[in-house]
A.B. asks: 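This is the structure, below, for whatever I ask next.
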Amino acid sequence: MGEGEGTPLLVSVSNNSFKNENFEKVFRPVLAEFVGVTVFVFVGTMVVQTNDIVSIGLAHGLMIALLIMGLGNISGGHFNPAVTLGVALNGGISISLSVLYFFAQMIGGALGAAFTRAVLPSDVYHGDMSINGGAHTLSAGVEPGWAVLCEAILTFVLVFTVLMNALDKRNQDSVLTPLAIGFAVAVDIMGGGMTTGASMNPARSFGPALAVSTFNDDVWKHHYVYWVGPALGSLVAAGIYRFLFRR
């Protein structure tokens with residue numbers, strides 16, 4: 001072998017390692033978040049047809065638990081920008097990857113809602129028997145300010161549960177972690193669903209609102225509630241965990 005003949009091989013091996021590392025640490029987790037949110041929003045908007053808060057809560061909670069069991073080891077199983085925010089603030093994910101998660105989650109939410117719009121009859125989706133596309137709106141008489149507080153408290157419960165069970169080293173190996181997070185989603189919806197819809201998840205709110213807005217643009221009237229509330233709840237949960245409970 002002549003001088004320097006080994007260099008192309010070394011470069012090739014290095015490039016392949018770089019590509020594989022990017023695939024494992026960036027592309028695959030981002031794809032997992034996209035797929036997970038797509039399925040979650042589809043199921044979440046479809047179950048609204050039941051008009052039964054227990055069924056709606058259980059469907060959302062069990063779907064999240066199943067997704068975490070299946071995809072949690074790939075992406076961490078966030079499926080929610082508010083959860084990603086809380087995890088990122090506690091060092092569980094890099095800022096750059098959290099930004100990619102955010103866009104994947106939002107696009108997934110839009111696609112999941114589009115699937116619901118495609119498969120439901122028009123009278124169910126937006127007509128006489130309308131579920132308003134499964135979008136979140138405030139119940140009659142609920143003031144936006146109090147709705148923000150409601151969403152913040154509900155999101156605090158969810159994000160704090162995620163941090164204490166999925167991120168904290170004392171509990172993260174527990175097989176019950178997916179169920180704990182799923183239960184948090186379910187009880188939050190049962191508790192706050194009749195007031196704000198109990199979103200706790202901007203991707204879950206944005207996708208259906210976007211899909212149904214061509215029929216009902218009033219869906220944007222208090223849409224900020226479903227961003228501000230979850231963001232505040234996540235920030236509080238992240239702060240309390242980081243400064244009081246983190247090992």
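FYI, the numbering just counts along the sequence from 1.
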A.B. asks: Identify the two heavy atoms, one from Gly86 and one from Val159, that lie closest to each other, and give their separation to 0.1 Å.
C.D. replies: CA-CG1, 4.2 Å
A.B. asks: Would you call Val119 and Met46 a side-chain contact if the rule is heavy atoms closer than 4.5 Å?
C.D. replies: yes
A.B. asks: Compute whether any side-chain donor of one residue and acceptor of the other, for Glu151 and Ser199, lie under 3.5 angstrom apart.
C.D. replies: no
A.B. asks: Check whether any side-chain N or O of Asn216 sits under 3.5 Å from a backbone N or O of Val212 as a donor-acceptor pair, and report yes or no.
C.D. replies: no
A.B. asks: Do the side chain of Ser139 and the main chain of Thr195 share a donor and acceptor less than 3.5 angstrom apart?
C.D. replies: yes
A.B. asks: Do Ile181 and Leu85 land in one hydrophobic cluster if side-chain heavy atoms of ILVMFWY residues count as linked below 4.5 Å?
C.D. replies: no
A.B. asks: Within the structure provided, determine whether Leu111 and Phe42 are in side-chain contact (heavy-atom separation under 4.5 Å).
C.D. replies: no
A.B. asks: On a heavy-atom basis, which atom in Leu210 and which in Ala110 lie closest, and how many Å separate them?
C.D. replies: CD2-CB, 4.2 Å
A.B. asks: Please name the pair of heavy atoms, one in Tyr125 and one in Ala211, separated by the smallest distance, quoted to 0.1 Å.
C.D. replies: OH-CB, 3.2 Å
A.B. asks: Please tell me if the side chains of Phe27 and Leu31 come closer than 4.5 Å, counting only heavy atoms from C-beta onward.
C.D. replies: yes
A.B. asks: Do the side chain of Asn80 and the main chain of Ala82 share a donor and acceptor less than 3.5 angstrom apart?
C.D. replies: yes
A.B. asks: Could you check if a side-chain atom of Thr116 sits within less than 4.5 angstrom of a side-chain atom of Pro208, using non-hydrogen atoms only?
C.D. replies: no
A.B. asks: Short question: side chain of Asn201, backbone of Arg204 - any donor-acceptor pair under 3.5 Å?
C.D. replies: yes
A.B. asks: So do the side chains of His78 and Val37 get within less than 4.5 Å of each other, counting heavy atoms only?
C.D. replies: no
A.B. asks: How long is the span from the CG atom in Leu58 to the CE atom in Met63, to the nearest 0.5 Å?
C.D. replies: 13.5 Å
A.B. asks: When rounded to the nearest 0.5 angstrom, what distance separates NE2 in His223 from OG in Ser213?
C.D. replies: 10.0 Å
A.B. asks: Check whether any side-chain heavy atom of Leu89 lies under 4.5 Å from a side-chain heavy atom of Arg242, and answer yes or no.
C.D. replies: no
A.B. asks: For Leu100, give me all partners under side chain to side chain contact (heavy atoms under 4.5 Å, CB included), at least two apart in sequence or on another chain.
C.D. replies: Val26, Val30, Leu97
A.B. asks: Do the side chains of Met106 and Phe206 get nearer than 4.5 Å, heavy atoms only?
C.D. replies: yes
A.B. asks: Which distance, rounded to the nearest 0.5 Å, do you find between the CE of Met200 and the OG of Ser234?
C.D. replies: 13.0 Å
A.B. asks: What heavy-atom pair brings Gly77 and Ile68 nearest, and what distance separates the two atoms?
C.D. replies: O-CG1, 3.8 Å
A.B. asks: Let's go through Asn132 and His126 carefully: what are the C-alpha distance in whole Å and the side-chain angles of both, what is the deciding distance for side chain to side chain contact (heavy atoms under 4.5 Å, CB included) to 0.1 Å, and is it a yes or a no?
C.D. replies: CA-CA 5 Å; Asn132 198 33; His126 68 90; over 6 Å; no
A.B. asks: Could you grab the distance from atom CE of Met164 to atom CZ of Arg246, nearest 0.5 Å is fine?
C.D. replies: 12.0 Å
A.B. asks: Determine, stepwise, if the pair Phe102 / Val99 fulfils side chain to side chain contact (heavy atoms under 4.5 Å, CB included).
C.D. replies: CA-CA 5 Å; Phe102 172 79; Val99 172; 5.6 Å; no
A.B. asks: Is any side-chain heavy atom of Val83 closer than 4.5 Å to a side-chain heavy atom of Phe79?
C.D. replies: no
A.B. asks: Look at the side-chain heavy atoms of Ile, Leu, Val, Met, Phe, Trp and Tyr, link any pair under 4.5 Å apart, and say whether Leu138 and Ile53 land in one connected group.
C.D. replies: no
A.B. asks: Has the side chain of Tyr101 got a donor or acceptor atom that lies under 3.5 Å from a matching backbone atom of Ser75?
C.D. replies: yes
A.B. asks: Sequence neighbours left out, what pairs pass ring-ring contact (aromatic ring centres under 6.0 Å, His included) with at least one residue falling in residues 228-247?
C.D. replies: Phe160-Phe245
A.B. asks: Please check if the side chain of Thr177 supplies one atom and the backbone of Asn165 the other of a donor-acceptor pair under 3.5 Å.
C.D. replies: yes
A.B. asks: Quick one: does Thr161's side chain have a donor or acceptor within less than 3.5 Å of a partner on Val157's backbone?
C.D. replies: yes
A.B. asks: Within the side chain of Ser205, is there an N or O that forms a donor-acceptor pair under 3.5 Å with the backbone of Pro202?
C.D. replies: no
A.B. asks: Measure the spacing between CZ of Arg28 and CG of Asn22 and express it to the nearest 0.5 Å.
C.D. replies: 13.0 Å
A.B. asks: Surrounding OH of Tyr224 (heavy atoms of other residues, nucleotides or ligands, distance under 6.0 Å), is the total greater than 12?
C.D. replies: yes
A.B. asks: Starting from Met194, can I reach Val187 by hopping between I/L/V/M/F/W/Y residues whose side chains sit under 4.5 Å apart?
C.D. replies: no
A.B. asks: Check this for me: Asn73, atom CG, are more than 12 non-hydrogen atoms of other residues, nucleotides or ligands nearer than 6.0 Å?
C.D. replies: no
A.B. asks: Check step by step if side chain to side chain contact (heavy atoms under 4.5 Å, CB included) holds for Thr137 and Lys221.
C.D. replies: CA-CA 9 Å; Thr137 56; Lys221 184 175 182 181; over 6 Å; no
A.B. asks: Sort and list the pairs that fulfil ring-ring contact (aromatic ring centres under 6.0 Å, His included) and have at least one residue in residues 182-203, not counting sequence neighbours.
C.D. replies: none
A.B. asks: Can any side-chain N or O of Thr50 pair as donor or acceptor with the backbone N or O of Val47 at less than 3.5 Å?
C.D. replies: yes
A.B. asks: Does CH2 in Trp146 sit with more than 12 non-hydrogen atoms of other residues, nucleotides or ligands closer than 6.0 Å?
C.D. replies: no
A.B. asks: Enter the distance from Leu120:CG to Thr45:OG1 here, rounded to the nearest 0.5 Å.
C.D. replies: 7.5 Å
A.B. asks: What heavy-atom pair brings Asn90 and Ala238 nearest, and what distance separates the two atoms?
C.D. replies: ND2-O, 3.4 Å
A.B. asks: Walk me through whether Arg117 and Phe215 qualify under side chain to side chain contact (heavy atoms under 4.5 Å, CB included).
C.D. replies: CA-CA 11 Å; Arg117 176 172 172 174; Phe215 305 108; 3.5 Å; yes
A.B. asks: Indicate, with yes or no, if Leu149 and Leu154 share a hydrophobic cluster defined by side-chain heavy-atom contacts under 4.5 Å among Ile, Leu, Val, Met, Phe, Trp and Tyr.
C.D. replies: no
A.B. asks: For the hydrophobic clusters of this structure (ILVMFWY residues joined by side-chain heavy atoms under 4.5 Å, transitively), does one cluster hold both Leu235 and Leu167?
C.D. replies: no
A.B. asks: Answer yes or no: is there a donor N or O on one side and an acceptor on the other, between the side chain of Asp168 and the main chain of Leu163, under 3.5 Å?
C.D. replies: no
